[in-house]
Amino acid sequence: MTQAPRRTSLTFPEAVHELAQLIPAGAVLSYGDVAELLGSGSARQSGKAMGAAPDGTPWWRILRADGTITEALATQANLHWEAEGLSKSGRRISMNDKRWNPTPAQWELIDGLRVALGNPKMSEVDDQL
DNA sequence: CTTTTGACAGCGT
DNA sequence: CACGCTGCCAAAA
């Protein structure tokens, strides 16, 4: 086809879903991190997007900045976290320790999402975490 | 146009 | 460390 296999433009929610898929097991991001990595949107936007995430999306790898998750999902999330070896300190994940640190190759995939959203690449804004 | 609503963040107490 | 309050920001009512 003359059209690219993947759309060259994405809506913010779609980009959030794609990014969630890139997070490796055992790592997590906060909703705010997601917005920053994509170069647009806000933590609330990310949360909204995850609420509409399709089945198969690893939603338990995106949580609040303080390492907790909304009560309605806490029970399910705990099962996944345990299965992936995500240690908790008390009732919360240690974001400090478990936050995803992308490899250079993964940064490129993230850049792809940024571009698909019409935002500049990380290298353009030198905005890495 | 105004108000309400969220799978949120940060700060003060 | 737990709560409560304020700030945010786009979408829906």
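Because the structure is a prediction, the values reported are computed rather than measured. Here is how names work: the chains are called A, B, and so on, in the same order as the sequence lines, proteins then strands, and each is numbered from 1. Values reported hereafter were calculated over all heavy atoms of this structure, with side chains retained and with hydrogens, waters and symmetry mates removed.
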For the residue pair [X] and [Y], establish whether any side-chain heavy-atom pair is separated by less than 4.5 Å.
X        : Y        : result
A/Ser30  : A/Arg64  : no
A/Arg114 : A/Val125 : yes
A/Arg61  : A/Trp100 : no
A/Leu63  : A/Thr68  : no
A/Phe12  : A/Ser46  : yes
A/His17  : A/Pro54  : yes

Return the value, rounded to whole Å, for the distance between atom [atom1] of [X] and atom [atom2] of [N].
X       : N     : atom1 : atom2 : answer
A/Leu29 : B/dA7 : CG    : P     : 19 Å
A/Ile23 : B/dA7 : CD1   : C1'   : 13 Å
A/Ile62 : B/dA9 : CD1   : P     : 11 Å
A/Glu71 : C/dC3 : CD    : P     : 11 Å
A/Asp66 : C/dG4 : CG    : C1'   : 14 Å
A/Arg64 : C/dC3 : CZ    : P     : 12 Å

At under 4.0 Å between heavy atoms, what does [X] touch on the DNA or RNA strands: base, sugar-phosphate, or nothing?
X       : answer
A/Ser30 : sugar-phosphate
A/Gly32 : sugar-phosphate
A/Leu73 : base

Restricting both atoms to N or O, compile the protein contacts to nucleotides 10-13 of chain B shorter than 3.5 Å, with distance only.
none

Nearest to the side chain of A/Arg92, which nucleotide is it out of C/dA2, B/dA9, B/dA7?
-> C/dA2

For atom CD of A/Glu108, is the number of surrounding heavy atoms from other residues, nucleotides or ligands below 6.0 Å larger than 12?
-> no

Mark yes when over 12 heavy atoms from residues, nucleotides or ligands other than A/Glu82 sit less than 6.0 Å from its CD; otherwise mark no.
-> no

Every protein N/O lying under 3.5 Å from an N/O of nucleotides 7-10 of chain C:
from   : atom 1 : to      : atom 2 : distance (Å)
C/dA10 : O4'    : A/Gln45 : NE2    : 2.8

Looking only at atom types and distance, does a side-chain atom of A/Asn78 sit under 3.5 Å from a main-chain N or O of A/Ala74, one as donor and one as acceptor?
-> yes

